[in-house]
Protein chains: 2
Amino acid sequence: MNAHPVDAEPLLTPSEVATLFRVDPKTVTRWAKAGKLSSIRTLGGHRRYRESEVRELLNGIPQQRPSDG
Amino acid sequence: MNAHPVDAEPLLTPSEVATLFRVDPKTVTRWAKAGKLSSIRTLGGHRRYRESEVRELLNGIPQQRPSDG
DNA sequence: CGAGAGTCGGGTAATTTGGGGC
DNA sequence: ATTGTCCAAATTACCCGACTCT
């Protein structure tokens with residue numbers, strides 16, 4: 001039962017981010033610890049990552065245009 | 001389980017690509033530097049290659065090969 | 001509460017990086 | 001011009017036990 005129209009940003013789990021980068025979930029944790037990636041923590045201490053943040057990192061630059069010189 | 005619909009592209013490690021081409025990982029890195037192969041970098045600086053990209057190169061270019069000569 | 005999967009944290013081996021020389 | 005190999009440093013992957021999440 002979760003239906004609250006609040007500004008909830010799409011979050012990803014360490015495993016999800018790890019799959020996107022083809023690395024281990026542990027490595028993603030290292031990035032968060034290194035401050036290379038923004039991390040949101042659950043009340044239990046687990047980390048969660050912003051999908052938009054990861055997307056930008058994957059592409060290097062989010063604003064990529066096809067007709068860009 | 002997590003239910004996060006994220007479309008992740010199959011990525012390969014330098015070692016995997018090197019094995020497919022029967023060359024050294026170092027050589028694969030040279031190809032990436034030469035722009036002959038697209039590369040995605042992890043936050044740590046390591047490179048990841050697209051499986052589809054490598055497959056195309058291995059097959060010559062086409063993505064599918066219904067018949068082999 | 002009970003059960004399964006995922007994540008955390010620490011430590012060590014393997015892999016990858018970048019440059020130089022043949 | 002391209003590939004394989006050497007050196008040192010950095011990053012990543014795997015192992016174990018305990019906790020958290022659904």
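Atom set for the values below is all heavy atoms of this structure, side chains included, hydrogens, waters and symmetry mates excluded.
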Check the distance between [N]'s [atom2] and [X]'s [atom1] and give it to me in whole angstrom.
X     : N      : atom1 : atom2 : value
A:R22 : D:dA13 : CZ    : C1'   : 11 Å
A:R30 : D:dA10 : CZ    : P     : 15 Å
B:L43 : C:dT16 : CG    : P     : 17 Å
A:L37 : D:dT12 : CG    : P     : 12 Å
B:K26 : C:dA14 : NZ    : C1'   : 17 Å
B:W31 : C:dT16 : CH2   : C1'   : 16 Å
A:D24 : C:dG9  : CG    : C1'   : 15 Å

Donor-acceptor pair under 3.5 Å, B:R41 side chain vs C:dG18 base: no
Touch class at under 4.0 angstrom, heavy-atom based, for B:R47 against every strand present: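 The answer is sugar-phosphate, as B:R47 gets under 4.0 Å only of primed atoms, P, OP1 or OP2.
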Residue met sooner reading DNA chain D from 5', once A:R48 and B:V23 are mapped to nucleotides: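 With A:R48 and B:V23 compared, the 5'-side residue is B:V23.
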Upstream residue (5' side of DNA chain C) when A:T29 and B:G45 are each assigned their closest nucleotide: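 Its nearest nucleotide being more 5', the pick is A:T29.
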Below 4.0 Å: OP1/OP2 of C:dT7 and any side-chain N or O of A:T13: yes
